[in-house]
Amino acid sequence: MKKNTKPKLISIWNPKGGQGKSMLAINLAAASVEMGLKPLVICQDQQGTSINYYKNGNLNFEVLATLPKEQPDADIIIFDHQASDWEVPQTKLLLMPLKPARDQYATYIDAKKRAEAKSKEIITIVTDGQMHRQSEKTTTQHLKGQGAHVIPSSGVFSRAAEEYRSIFDPSLNKAYKIGERRKEINKILGAILLNAGEKTDKKKRKLKNAA
Ligand SMILES: Nc1ncnc2c1ncn2[C@@H]1O[C@H](COP(=O)(O)OP(=O)(O)O)[C@@H](O)[C@H]1O
Ligand SMILES: [Mg+2]
């Protein structure tokens, strides 16, 4: 039966490849299932990373290549964007993952400016930071200070990816620090459901004017 309430829409966007977009799409959807919600992932990547997960049969939710015309029966729809896609997504809420290495940071900054110009709500996720590198550590701390979430570099993500599983898959229950990684993903899902993006300058002004 079709639901009356509108699904929550979220785009995972960063024009640079390899930043953790598909990793987050798959794991946030899996976290939604744990929470009793019905997610749908739309894989907008020609290479079909999240579709490949689905084809391998280990997911307990659906991944489609395009959004169905009729409103899908889902509580949350997650758009997994492809690399080199510079067009700011349509959804109000954007999740922007980045790896904090210097050459990758610049793309995030450029893309974020574009998103801010369109008054998007932005949730930033620093993924896979190499904390023994001073520049990555500094960038991570800086973004954290602005409200970014952090998912440390962890072998559990490559292990899960190799088997096309989410990190919530019971077969990974005994993986190193799995509880912490799941908690981080759950926290990001919580922020999405609450629309708790960063305060953009525009929003700050609004709040100030209202005070
Ligand atoms: N926190 C992390 N720790 C370790 N590896 C990570 C982490 N986040 C992402 N990765 C790995 O980085 C690679 C690129 O991630 P992916 O989600 O495919 O990026 P994108 O979709 O942005 O191109 C994948 O192999 C993924 O497992
Ligand atoms: Mg991807």
Side-chain angles (χ1 to χ4, degrees), residues 10-31 39-56 58-59 61 63-66 77-89 91 94-101 103-112 115 122-133 136-137 139-141 143-144 148-169 171-172 175-189 191-192:
I10 172 105
S11 299
I12 309 188
W13 183 61
N14 182 330
K16 192 138 189 111
Q19 303 300 294
K21 292 182 287 293
S22 300
M23 179 279 280
L24 281 166
I26 293 298
N27 286 303
L28 286 166
L40 171 64
V41 174
I42 306 296
C43 176
Q44 301 193 307
D45 187 349
Q46 305 290 324
Q47 288 177 350
T49 308
S50 13
I51 288 274
N52 283 336
Y53 273 79
Y54 185 61
K55 282 184 184 155
N56 271 271
N58 295 323
L59 302 181
F61 54 87
V63 181
L64 300 175
T66 49
I77 302 180
I78 301 170
F79 295 90
D80 177 16
H81 281 254
Q82 66 173 342
S84 305
D85 176 6
W86 275 96
E87 202 179 313
V88 179
T91 60
L94 303 184
L95 198 72
M96 295 191 68
L98 78 146
K99 295 193 178 177
D103 54 328
Q104 330 236 345
Y105 186 51
T107 304
Y108 160 80
I109 293 293
D110 286 353
K112 192 178 175 205
I122 300 163
I123 299 176
T124 297
I125 320 286
V126 184
T127 59
D128 201 16
Q130 306 300 315
M131 290 306 124
H132 57 277
R133 294 196 187 126
E136 295 199 21
K137 198 172 168 182
T139 300
T140 302
Q141 292 304 338
L143 291 171
K144 209 174 162 184
H149 295 252
V150 177
I151 303 179
S153 185
S154 167
V156 76
F157 292 106
S158 47
R159 201 179 136 191
E162 270 165 31
E163 299 177 13
Y164 294 103
R165 296 177 193 279
S166 81
I167 66 160
F168 291 87
D169 193 293
S171 72
L172 289 164
Y176 180 65
K177 290 201 173 171
I178 186 69
E180 287 180 41
R181 299 294 88 83
R182 287 174 177 170
K183 228 183 258 170
E184 286 147 11
I185 299 285
N186 283 330
K187 204 172 144 208
I188 296 166
L189 178 62
I192 292 170

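Both counts, for ligands and for their atoms, begin at 1 and track the order of listing. Just the heavy atoms: all of them, side chains too, but no hydrogens, waters or symmetry mates, feed the values below. Residues: numbered from 1 along the sequence shown.
Taking any N or O of Asp80, backbone or side chain, none lies under 3.5 Å from an N or O belonging to ligand 1. The shortest N or O to N or O distance between Gln19 and ligand 1 is under 3.5 Å. Polar contact with ligand 1: present for Asp128 (N/O pair, distance under 3.5 Å).
Contacts with ligand 1 closer than 4.0 Å are made by no heavy atom of Ala83, backbone or side chain.
For the pair Lys99 and ligand 1, a heavy-atom separation below 4.0 Å is found. The shortest heavy-atom distance from Gly17 to ligand 1 is under 4.0 Å.
Using modelled atom types, one finds no donor on one side chain facing an acceptor on the other under 3.5 Å when comparing Tyr53 with Ser22.
Distance check for atom 7 (C) of ligand 1: a protein heavy atom is found below 4.0 Å. Protein heavy atoms are absent from the space less than 4.0 angstrom from atom 25 (O) of ligand 1. Distances from atom 14 (C) of ligand 1 to the protein include at least one heavy-atom value under 4.0 Å.
Side-chain contact between Val126 and Lys144 is absent, with no heavy-atom pair separated by less than 4.5 Å. At a threshold of 4.5 Å between non-hydrogen side-chain atoms, the residues Thr107 and Gln19 do not count as touching. Within the 4.5 Å cutoff, no side-chain heavy atoms of Val150 are placed close to those of Leu143. When side chains are defined from C-beta on, Ser50 does not count as touching Asp45, because their heavy atoms never get closer than 4.5 Å. At least one side-chain heavy atom of Ile12 sits less than 4.5 Å from a side-chain heavy atom of Pro97. Under the 4.5 Å side-chain criterion, counting only non-hydrogen atoms from C-beta, Phe157 is not in contact with Ile26.
For the Mg ion (ligand 2), the set of nearby N, O or S atoms under 2.8 Å includes none belonging to Gln82.
The OG1 atom of Thr91 lies 11.5 Å from the CD1 atom of Ile78; values are rounded to the nearest 0.5 Å.
Across Ser22, Ala25, Gly18, Ser154, heavy-atom proximity to atom 4 (C) of ligand 1 is greatest for Ser154.
Open room surrounds CD on Gln47; 12 or fewer heavy atoms of other groups in view lie less than 6.0 Å from it.
The contact set between ligand 1 and Ser153, taken as ligand atoms under 4.0 Å from a residue heavy atom, comprises 3 (N). Every atom of ligand 1 is numbered from 1 in the order shown, and the set under 4.0 Å from a heavy atom of Ile151 is 1 (N). The distance from ligand 1 to the heavy atoms of Pro152 drops below 4.0 Å at these ligand atoms: 1 (N), 2 (C), 3 (N). The Met23 neighbourhood of ligand 1 comprises atoms 8 (N), 9 (C), 17 (O), with distances under 4.0 Å to a heavy atom of that residue.
Under 4.0 Å is where a charged nitrogen must lie from a carboxylate oxygen, and between Arg181 and Glu184 at least one such pair does.
With hydrogens left out, the protein atom closest to atom 19 (O) of ligand 1 is Gly20 N, 3.0 Å, a heavy atom.
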